[in-house]
Amino acid sequence: MGHGKQIRILLLNEMEKLEKTLFRLEQGYNMIHFTPLQTLGLSRSCYSLADQLELNPDFSRPNKKYTWHDVGQVVEKLKKEWNILCITDVVYNHTAANSKWIQEHPESAYNLVNSPHLKPAWVLDRALWHFSCDVAEGKYKEKGIPALIENDQHMNCIRKIIWEDIFPKIQLWEFFQVDVHKAVEQFRRLLTQGNRRVTKSDPKQHLKIIQDPEYRRLGCTVDMNIALATFIPHDNGPAAIEECCNWFRNRIDELNSEKHQLMNYHQEQAVNCLLGNVFYERLAGHGPKLGPVTRRYPLVTRYFTFPFEEMALSAEESMIHLPNKACFFMAHNGWVMGDDPLRNFAEPGSDVYLRRELICWGDSVKLRYGNKPEDCPYLWAHMKKYTEITATYFQGVRLDNCHSTPLHVAEYMLDAARKLQPNLYVVAELFTGNEELDNIFVTRLGISSLIREAMSAYNSHEEGRLVYRYGGEPVGSFVQPCLRPLMPAIAHALFMDITHDNECPIVHRSAYDALPSATIVSMACCASGSTRGYDELVPHQISVVSEERFYTKWNPGASPSNTSDVNFQSGIIAARHAINKLHQELGAKGFIQVYVDQVDEDIVAVTRHSPSIHQSVVAVSRTAFRNPKTSFYSKEVPQMCIPGKIEEVVLEARTIERNTKPYKKDENSINGLPNITVEIREHIQLNESKIVKQAGVATKGPNEYIQEIEFENLSPGSVIIFRVSLDPHAQVAVGILRNHLTQFSPHFKSGSRVVDNADPILKIPFASIASKLTLTELNQILYRCESEEQEDGGGCYDIPNWSSLKYAGLQGLMSVLAEIRPKNDLGHPFCENLRSGDWMIDYVSGRLISRSGNIAEVGKWLQAMFFYLKQIPRYLIPCYFDAILIGAYTTLLDAAWKQMSSFVQNGSTFVKHLSLGSVQMCGVGKFPSLPLLSPSLLDVPYRLNEITKEKQQCCASLAAGLPHFSSGLFRCWGRDTFIALKGLLLVTGRYLEARNIILAFAGTLRHGLIPNLLGEGTYARYNCRDAVWWWLQCIQDYCKMVPNGVDILKCPVSRMYPTDDSAPLPAGTLDQPLFEVIQEVMQRHMQGIQFRERNAGPQIDRNMKDEGFNITAGVDDKTGFIYGGNRLNCGTWMDKMGESDRARNRGIPATPRDGSAVEIVGLCKSAVRWLLELSKKNIFPYHELRVKRHEDPSDSNEKHPNLVHKRGIYKDSYGASSPWCDYQLRPNFTIAMVVAPELFTTEKAWRALEIAEKKLLGPLGMKTLDPDDMVYCGIYDNALDNDNYNLARGFNYHQGPEWLWPVGYFLRAKLYFSKLMGPECSAKTMFLVKNVLSRHYVHLERSPWKGLPELTNENGQYCPFSCETQAWSIAVILETLYDL
């Protein structure tokens, strides 16, 4: 059915003559649209049906009654013998006013019983009917309104009479007003009864009119409770009560007056609409010019049925309150200009009928379905049966008046249809003017194609735009992978020259335009269609209401003057056959790409392109919106440049005049213009063309082959269609490219070509090249941000007029392509850069070739592919560049995953993509970041130094985050490394890299601590208390997760600083087994650590105050807790130091967390427990360390009970110099829960986690401080320098912004304790965890960095000062998934 579908619209009037009517369908259509074949109503409109279930008896003959079965046989014959499908309309919105069943079931319509809100509109409608009858009878002639309305003066008189006579007489405002006298009397009674103890339920409630649901005159009321509470007499005397009643009366008068004003506003609109209607029907040049007002052609169409004898208006009005009469006053249907299609204009709340905004179909009654079948059982059952008859005999339906059909009704009916016809083809025409609204209908109803109409175009440029919009993807579009993001799309179009109920294009444009416009439409890559009247040049609209003549018969030998026959010489039939044949061929052969070129104001060139064989068909049409006989058209036609080689002229056709009698409307047949026809020639060579004067060849660049066409007879109403191939050289190159791309996708098989003389490297499958790469080599190929690349002497590619890529490696390009590919954004500066020159192409391959070894092999493979890429036309380069990169990139990712753990290899897409964080963060630069390992250690990676040509260690290090912490001294941090190491290296199975990093940091131990900033060891800063405990936790994890992991304890550690004051020693000078280094850590803490940082002062920290350089750590004798720090330094991960002189916070830590920080206590407990286990097994040779611990140090001797402000939480620290800091709610306790759960009581832990969830959990991260805290601020702005002590220069870094890495520990703690709380808790937690992780997945997918950020501002808002991808953020989510 796809793109080659064309639809033919027929008004079927005679069953027996069907075959003759179809006249062998010589034009090459493959679908016919029948207007409804049911019994018609009195108006004879095809869309006003009297009985939806009966076949129109007009088809039958005295001797033969036709049934639906006969229709089915004809449809089946068309399908089997002629390959033609049939669709017909379904009309759900209305039925003919004379339908028998609607009289028996008036509840199926909007009548005055079930829709009393229509009563005022009905009264107005009757008044206007009586007025119209009086005008017809000449009763208003004296007042200036004759029966024949001819000018503005008559119109002004109508306006005057309505305002002065009709509105005052019918007093519509009374339907919305309160009877003042009645209300005041009721109020007085209530006041004098004395039981006035009434209180207003809501003091904001004011007295307002309550609409009478039955809409009786002056039937509205007010709430007396509110009245009694509003108007209170100051005593019980008669005078006070009278005064109170007067206040009340005045208020009711005011409210009534408001309703009167509102009704005036409605009446103004009603008069305007009514006069607009009169003007169109009686005065407008393009209107029907109905002539004098009569009862048959009244002044305005009636809005309601009135099946009784006429009487005076007052007598008629008395019937609206009699249900047995009022149920037959039914609202007609119609349409409302610019209305919301999702709102039903006949329901309460709409004033369309009262304001006369409905363009009314007086022959049809609007149907009232309600919300479900139970609301109107007969109607739903009747229409369902109608639908089933249609679906039984036809292959598709057109939803008539779709935009006004209630969505739930259409859904229900189409469900019933699809049960009988699962592949039902559904088309609809929507007049919403809004593509988003269109998509609601398309998705809810499963509409196959939306009708779009070329007749809506006001010039050729707009016609071309419609083809571009609805006619397929652009030429050179990206190849979309099978799995891709769901993008908003335009509904598939059924693009019509003209639809069956619209005005004739010959009247609006000219007969000469039929051929060029039909060609433009037919070149769209979607369904296309037309009407018989269009093809046969019928010069008037064929009315779906009043046309009773038959179509002409097919007769190959008929003469042009024969008005009852047609053949190939009639209208544009011969050309139609050719363009339909071409349309089907282009659809079948995959010419799915479209390019529209506006050559000049009348000439439109449409290109259809095949993305596999790269052949194009170019149709050049010279439109004739103005009649060439009466308008000027230039003889000079601009030259055209067609890229490629013209193989043939598929078709050239011109609209010409012939010498016949002029058009005369035939009595019996629907005849077209006899004097206009087309002259066509098919499949000729360029030099045989009568339209092309000459064709030259030009080249633009080495691979752009262009033919310049000069026209001589491209007169208005002409078309010429060329078949074009690529330049032969480019055709070979594209075939070779496609051949090499088949290793990545079978999509490229068509159009591929094998050659023997290709570069030898292309004979090796790319997967085989990729399989030789290590993960650190993949880090260089795929990633590396600007500063990493600069360290190696390069940089990321910068796209002019846009920005630099995030990475120098392939991920930098892939992130941009992932953004532009789904949208097919070929105008993006990235694509523009590719089309303009080879710079980016050469950068990609050149960068890798310069790196030698396996990396260079990848570069050489790309270079060999790019050799062919450079030989194809520039407009195709973006899509093939993308295809090459996708193939290489996905193969490289597979190569990375193959080197990782089974957890990653068998994991979800989320796990796999997160695991790439390990490749992203873990790499080796030009200069090694880690201190050298012991030369006696096995399996250490080495490389040749490019300058000295000597062997040197090249161990991978972990960057803390990109782009800020990725290179030089600021790449490696002890704390960041060891918080991230388990997730990024152990969970992913990169055990050797993990071992080397653990041992390298072990070598830098000094004062019993490992450094915070590593600085290659020689510039290390020992100013953090927690890094050493994270390091110990990683060794523990290594021992447990790695096969024979405990062997690491015996590995040699090259000590850089064997004593606290040693100068740095070269690797191998002094080696110790790792277990000795561990013991030293424990011992030093037990003894107590106290020292002053080396080179203390501004040269190592320009913000720190002097006392801050003094470092202390040790074990608290009373609690057994590790403690340390002072009020002027910050030795934990919350390490923001004030930097603002203006706010006077320079040198003050925002969060010193001195004393015992909760996570360090947990990490220490974990280490002691583990070492004790190893010691018992004699794996760890030391036994003598003792740490005293009391069960619960906080409760028995709470030092500052007055500072407790939240119950059920764990302190953030113990013994801080600023005591209130101990009592702040922060997420750090969750870390202790994960590493040392034995410290916690299950129920208390669970309660604390619930509070953390409620108070701290954000979309991606955890708030770093309780939002109830007075210094909380969730927005981090490091550039802001103002007077605010708590904010200036990002002082609130850890005082609210939502950091990602704590969320991993929170989720893992929830998982651990939920299992202890029972199955119900566990299931709920599992749901929460997956829900939170899904947000990380979405972020990871969408991030151009392909990572998770360091932090977000409050509620997950983007923070521009955060690292875009942070090692520990990715690591903790991987650990959570590992725990799951």
Side-chain angles (χ1 to χ4, degrees), residues 35-36 38-52 89-103 105-115 117-118 121-122 124-125 128-129 273-274 277 281 298 300-307 327-370 375-376 378-380 382-383 386-387 398-410 413 428-432 441 501 544-545:
T35 50
Q38 282 78 4
T39 308
L40 304 181
L42 283 179
S43 69
R44 304 280 298 152
S45 163
C46 299
Y47 291 92
S48 180
L49 307 179
D51 189 342
Q52 287 74 8
D89 296 272
V90 280
V91 187
Y92 291 131
N93 227 347
H94 52 255
T95 190
N98 66 311
S99 295
K100 219 166 137 191
W101 63 269
I102 199 84
Q103 306 307 320
H105 292 278
E107 76 280 2
S108 302
Y110 286 89
N111 61 49
L112 300 192
V113 176
N114 60 28
S115 306
H117 65 283
L118 295 174
W122 182 89
L124 174 60
D125 192 54
L128 291 173
W129 167 254
C273 291
L274 179 145
N277 211 32
E281 290 185 343
V300 283
T301 308
R302 288 200 271 181
Y303 272 14
F304 295 88
T305 59
F306 188 81
C327 68
F328 295 109
F329 301 149
M330 303 174 190
H332 289 306
N333 196 21
W335 65 285
V336 182
M337 189 87 78
D339 195 36
D340 174 3
L342 298 177
R343 183 187 79 138
N344 186 332
F345 58 74
E347 291 286 341
S350 163
D351 297 310
V352 161
Y353 284 85
L354 180 60
R355 290 159 64 85
R356 306 291 298 185
E357 290 170 332
L358 186 72
I359 293 154
C360 184
W361 303 320
D363 58 353
S364 301
V365 165
K366 187 167 178 65
L367 295 173
R368 182 179 183 269
Y369 289 89
D375 292 347
C376 192
Y378 178 84
L379 177 60
W380 287 76
H382 179 78
M383 294 314 239
Y386 162 46
T387 304
R398 173 185 170 274
L399 296 173
D400 182 58
N401 201 225
C402 178
H403 57 285
S404 296
T405 304
L407 269 172
H408 62 286
V409 174
M413 298 303 165
E429 195 166 5
L430 291 172
F431 299 97
T432 65
F441 283 87
D501 53 358
V544 293
V545 179

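The analysis underlying the following values was restricted to heavy atoms, covering all of them including side chains, and did not include hydrogens, waters or symmetry mates.
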### Query
With sequence neighbours left out, what residues match A331 under side chain to side chain contact (heavy atoms under 4.5 Å, CB included)?
Y110, L118, F304, Y353
Within-4.5 Å side-chain heavy-atom neighbours: [X] and [Y]:
| X | Y | result |
| --- | --- | --- |
| F345 | N333 | yes |
| L112 | W122 | yes |
| L367 | I102 | yes |
| V90 | L399 | yes |
| N401 | V91 | no |

### Message
As a test of understanding, state which of Y386, W101, Y92 forms a side chain to side chain donor-acceptor pair (under 3.5 Å) with Q52.
### Response
W101
### Query
So which of D89, D400, T35 actually passes side chain to side chain donor-acceptor pair (under 3.5 Å) with Y47?
D89
### Message
Check whether S350 reaches the backbone of A346 with its side chain - one donor and one acceptor, N or O, closer than 3.5 Å.
### Response
no
## Note on the structure
Applying salt bridge (Lys or Arg N to Asp or Glu O under 4.0 Å) to R356 and not counting sequence neighbours gives D125
### Task
Just do the salt bridge (Lys or Arg N to Asp or Glu O under 4.0 Å) check on R368 and E107 with the steps written out, would you?
CA-CA 8 Å; R368 182 179 183 269; E107 76 280 2; over 6 Å; no
### Query
Considering residues at least two apart in sequence or located in another chain, which fulfil the side-chain hydrogen bond (donor to acceptor under 3.5 Å, both in side chains) criterion with T39?
none
### Task
Check the angle between the aromatic planes of W380 and Y369 and answer parallel, tilted or perpendicular using the 30° and 60° thresholds.
perpendicular
